[in-house]
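Notes to accompany the following structure.
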Amino acid sequence: MNILSKEMVLQVLVWALQAIGVVVFAEALRGIWWLVNMLFVQPPSDPLRHLPGPDAPKMRNHFRETMDPMQTPETHDRWRELYGKTFRFHGFGSFDYRLLSFDHRVISYVLNSPTFEKPWQTRRILSNLLGRGIIATEGDEHAFLRKLISPAFNTHFIKSLTPLMFAKAEELKYKWDNIVSSSSPQSPEKLDEKTESATIDVASWLSRTSFDIIGLTAFDYSFDALNDETDEVYNAYKTMLDAQAKGPGFKRILELFFPILETLLPDQHLRNLKRSQKVVRATGLRLVSEKRAAILADMSAKNGQQKDLLSLLIRANLSENHNQRLSDDEIVNQLSTFLFAGAESTAISAAWALHHLSLDTSIQDQLREELLSSNALSQQDPTAAIDALPYLDAVVRETLRFVPPAHGTIRVATQDEVIPLSEPIVLRTNELVNEVHIKKGSYVHIAIEGLNYCKDIWGDDAREYKPSRWLNLPPSARGQPGLANLMSFSYGPQSCIGWRFSLIELKIFLATLVTQFSFEPAAEIGKYNAVITRPYVRHKFDLGPALPLKVSRLAS
């Protein structure tokens with residue numbers, strides 16, 4: 001009996017190994033077929049192969065030319081001159097045809113059509129980092145979230161939040177004033193006592209300020225990052241967002257395609273990220289629970305005050321059909337998304353604005369003169385006063401044009417599609433066509449920075465930082481797709497829902513700081529693309545994003 005049992009066990013093991021072998025063999029065959037299909041079967045039938053565009057060897061790509069902001073201005077100018085407004089380039093290799101267009105009709109069609117969605121890779125990166133927030137969703141799910149969240153970004157409600165923005169901008173001003181005044185050898189900033197100036201990493205300080213603003217306006221939570229950076233939730237969010245600051249790296253890309261690697265080969269980076277997400281999740285759920293209880297109490301007392309975005313979101317969620325309401329986890333995902341979009345991108349845009357003002361004192365002086373002569377910050381309604389200043393508005397819009405937070409975006413066709421053109425193109429077959437055929441699974445790159453640099457839209461000086469262009473905007477720029485005459489906030493159903501919030505926060509930062517300080521360059525600054533366009537000190541990329549400026553107190 002024992003011998004028979006051993007024989008049975010051995011037989012079962014043999015069958016199991018055979019079954020595993022069959023599965024492994026089948027998976028290997030499937031992998032081989034996928035590779036052969038990708039490299040050799042699909043390319044000859046891809047309609048994009050007939051479009052004009054740069055060629056590359058089998059395993060060569062054009063990602064640096066299309067995604068590196070230190071290269072793309074030259075690349076886009078050269079390719080447009082050679083191939084026109086609409087052409088194809090190579091993604092992961094010559095087998096991977098991708099569409100790139102500067103044709104307004106193409107851009108409008110792609111960004112408004114439900115056929116084109118953000119690629120799963122983009123959505124997975126965002127979901128892994130922030131949860132399934134509004135920017136990581138598509139289709140009906142995105143439309144529902146946008147309908148639910150939109151009231152939190154109407155003009156009236158945003159205006160009610162500006163006193164918090166002014167208060168934090170003032171606090172930042174006093175911090176910088178103290179740094180300039182300080183003569184303490186322990187100060188981490190470099191002090192020049194003779195000129196009452198100091199070299200300050202404005203990107204870092206503006207990030208701390210924006211975190212404080214979004215914490216208070218979105219969650220009614222005080223990070224108090226301007227005073228110190230010790231808050232546990234603040235540091236958890238910083239860990240999460242800093243994970244994206246230098247780009248994904250090879251291991252992160254592999255994990256994107258093979259998530260099992262996160263379990264099999266965890267590293268310190270991943271452990272820190274998971275730990276931070278756990279802190280954010282726990283705190284977020286607690287805030288949602290407490291806020292809901294307070295709102296329900298207010299509703300029963302007929303006291304419907306809404307002091308932050310979370311309150312408004314919870315109220316909107318409570319008004320929905322019970323089966324369509326967001327779970328607490330889903331609300332926390334939206335909060336994390338608000339923080340990422342509202343803190344990081346706005347802070348870096350403000351830093352870029354100060355950088356470009358430092359490079360041209362005439363622009364800086366003109367802006368300061370407008371701010372001081374209008375006495376906008378002392379008006380009874382300072383928000384309306386600064387929002388009405390034409391040159392301040394021009395500086396903000398020119399900064400967002402010149403260095404858009406998102407260098408570009410990508411869409412993928414979910415089915416075969418035909419994209420109309422505003423003007424015909426000549427294919428490699430010498431055929432003249434008025435439309436582009438694209439197959440399911442093909443990528444379309446929307447070059448936001450490239451569109452912002454187009455000379456036929458903005459004029460021959462498109463690659464110059466020139467705020468005055470906004471005081472007499474050419475018709476070609478007024479007619480382009482995009483919010484606020486800019487593609488920087490994207491376009492269509494997936495456009496930036498918080499663009500008004502960002503504009504007014506940028507104006508408050510500049511109005512507060514430019515009237516107190518003058519700015520000069522302190523280092524040669526480069527830029528790179530890691531989710532958003534970030535600054536760094538040239539030849540010191542390993543130190544991470546930074547934008548040091550010489551900040552001097554203005555004479556009284």
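Numbers here are sequence positions counted from 1.
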*Do any N or O atoms from the side chain of Ser150 and from the backbone of Arg146 form a donor-acceptor pair under 3.5 angstrom?*
yes
_Parallel, tilted or perpendicular, as decided by the 30° and 60° cut-offs, for the rings of Tyr109 and Phe116_ = perpendicular
_Salt-bridge present (Arg60, Asp55; N to O < 4.0 Å)_ = no
*So, do Ser210 and Glu505 sit near enough that their side-chain heavy atoms are less than 4.5 Å apart?*
yes
*Should the ring pair Trp499 and Phe489 be called parallel, tilted or perpendicular, given that the plane angle runs from 0 to 90° and is split at 30 and 60?*
tilted
*Side-chain touch Glu141/Arg132, heavy atoms, less than 4.5 angstrom*: yes
*Evaluate the ring planes of Tyr536 and Tyr528, with Trp represented by its six-membered ring, and classify them as parallel (under 30°), tilted (30 to 60°) or perpendicular (over 60°).*
perpendicular
*Under 3.5 Å, is there a donor-acceptor pair between the side chain of Arg534 and the main chain of Pro545?*
no
*Which heavy-atom pair separates Ile448 from Pro404 by the least distance, and what is that distance?*
CG2-CB, 3.8 Å
*Side-chain donor/acceptor of Arg401 to backbone N/O of Asn452, under 3.5 Å*: yes
*Return yes if some donor-acceptor pair links the side-chain N/O of Gln71 with the main-chain N/O of Met67 below 3.5 Å, else return no.*
no
*Side chain of Asn529, backbone of Asp68: donor and acceptor closer than 3.5 Å?*
no
*Under 4.5 Å between any side-chain heavy atoms of Gln121 and Arg124, yes or no?*
no
_Are Pro151 and Leu312 packed together at the side-chain level, in the sense that at least one heavy-atom pair is separated by less than 4.5 angstrom?_
yes
*Name the orientation class of the two ring planes belonging to Phe102 and Phe87 (parallel below 30°, tilted from 30 to 60°, perpendicular beyond 60°).*
tilted
*Could Glu138 and Lys118 be called an ion pair, given the rule that one side-chain N must be under 4.0 Å from one carboxylate O?*
yes
_Side-chain H-bond candidate by donor/acceptor type, Glu417 with Thr115, under 3.5 Å_ = yes
*Do Glu435 and Arg105 sit within salt-bridge range, that is, some charged N less than 4.0 Å from a carboxylate O?*
no
_Matching residue for His445 among Phe89, Trp79, Tyr97 - test: ring-ring contact (aromatic ring centres under 6.0 Å, His included)_ = Phe89
*Are Leu309 and Leu335 side-chain neighbours, meaning at least one heavy-atom pair lies under 4.5 Å?*
no
*Parallel, tilted or perpendicular: which describes the rings of Trp458 and Trp470, with under 30° parallel and over 60° perpendicular?*
tilted
_Side-chain (Glu449) to main-chain (Ser488) donor-acceptor, under 3.5 angstrom_ = no
*Taking Ser476 for the side chain and Ile457 for the main chain, is one N or O donor matched with an acceptor at less than 3.5 Å?*
yes
_Just so I know, are the side chains of Met240 and Val280 near enough to count as touching, which here means a heavy-atom distance under 4.5 Å?_
yes
*Mind checking side-chain contact (heavy atoms from CB on, under 4.5 Å) for Ser442 and listing every partner two or more places apart, or none if nothing turns up?*
Asp46, Leu48, Ile438, Lys439
*Does a donor on one side chain and an acceptor on the other come within less than 3.5 Å for His407 and Thr72?*
yes
*Would you list the pairs meeting salt bridge (Lys or Arg N to Asp or Glu O under 4.0 Å) in which at least one residue belongs to residues 453-463, sequence neighbours left out?*
Glu74-Arg463, Asp77-Arg463, Arg80-Asp456, Lys85-Asp456, Asp461-Lys466, Asp461-Arg469
*Within-4.5 Å side-chain heavy-atom neighbours: Arg325 and Ile331*: no
*Are Phe92 and Phe63 close enough that their ring centers fall under 6.0 Å?*
yes
*Are the side chain of His62 and the backbone N or O of His90 linked by a donor-acceptor pair below 3.5 Å?*
yes
*With Ile134 as reference, evaluate Leu148, Ile149, Asn333 under the side chain to side chain contact (heavy atoms under 4.5 Å, CB included) test and give the passing residue.*
Ile149
_Test item: Leu506 and Leu400 side chains (from C-beta on) under 4.5 Å apart, heavy atoms_ = yes
*Is the gap between the ring centers of His355 and Trp352 under 6.0 Å?*
yes
*Scan side-chain atoms only and decide if Asp103 and Ser422 contain a donor-acceptor pair under the 3.5 Å cut-off.*
yes
*Any donor-acceptor pair under 3.5 Å linking the side chain of Asn112 with the backbone of Ser108?*
yes
_Least distance between heavy atoms, Leu421 atom then Val433 atom_ = CD1-O, 3.9 Å
*Between Ala351 and Leu547, which heavy-atom pair has the shortest distance, and what is it?*
O-CD1, 3.6 Å
*Would you confirm whether His142, through its side chain, and Pro493, through its main-chain N or O, come within 3.5 Å as a donor-acceptor pair?*
yes
_How close do Ile214 and Ala343 get, counting heavy atoms only, and between which atoms?_
CG2-CB, 4.0 Å
*Taking atom types as modelled, find out whether Tyr391 and Ser468 have a side-chain donor-acceptor pair closer than 3.5 angstrom.*
no
*Check the surroundings of atom CZ in Arg78: do more than 12 heavy atoms from other residues, nucleotides or ligands lie under 6.0 Å from it?*
yes
*Check against ring pair (Phe, Tyr, Trp, His ring centres under 6.0 Å), Phe402 and His356*: CA-CA 10 Å; Phe402 205 70; His356 286 289; 5.1 Å; yes
*Identify whether the distance between the nearest side-chain nitrogen and carboxylate oxygen of Arg98 and Asp96 falls below 4.0 Å.*
yes
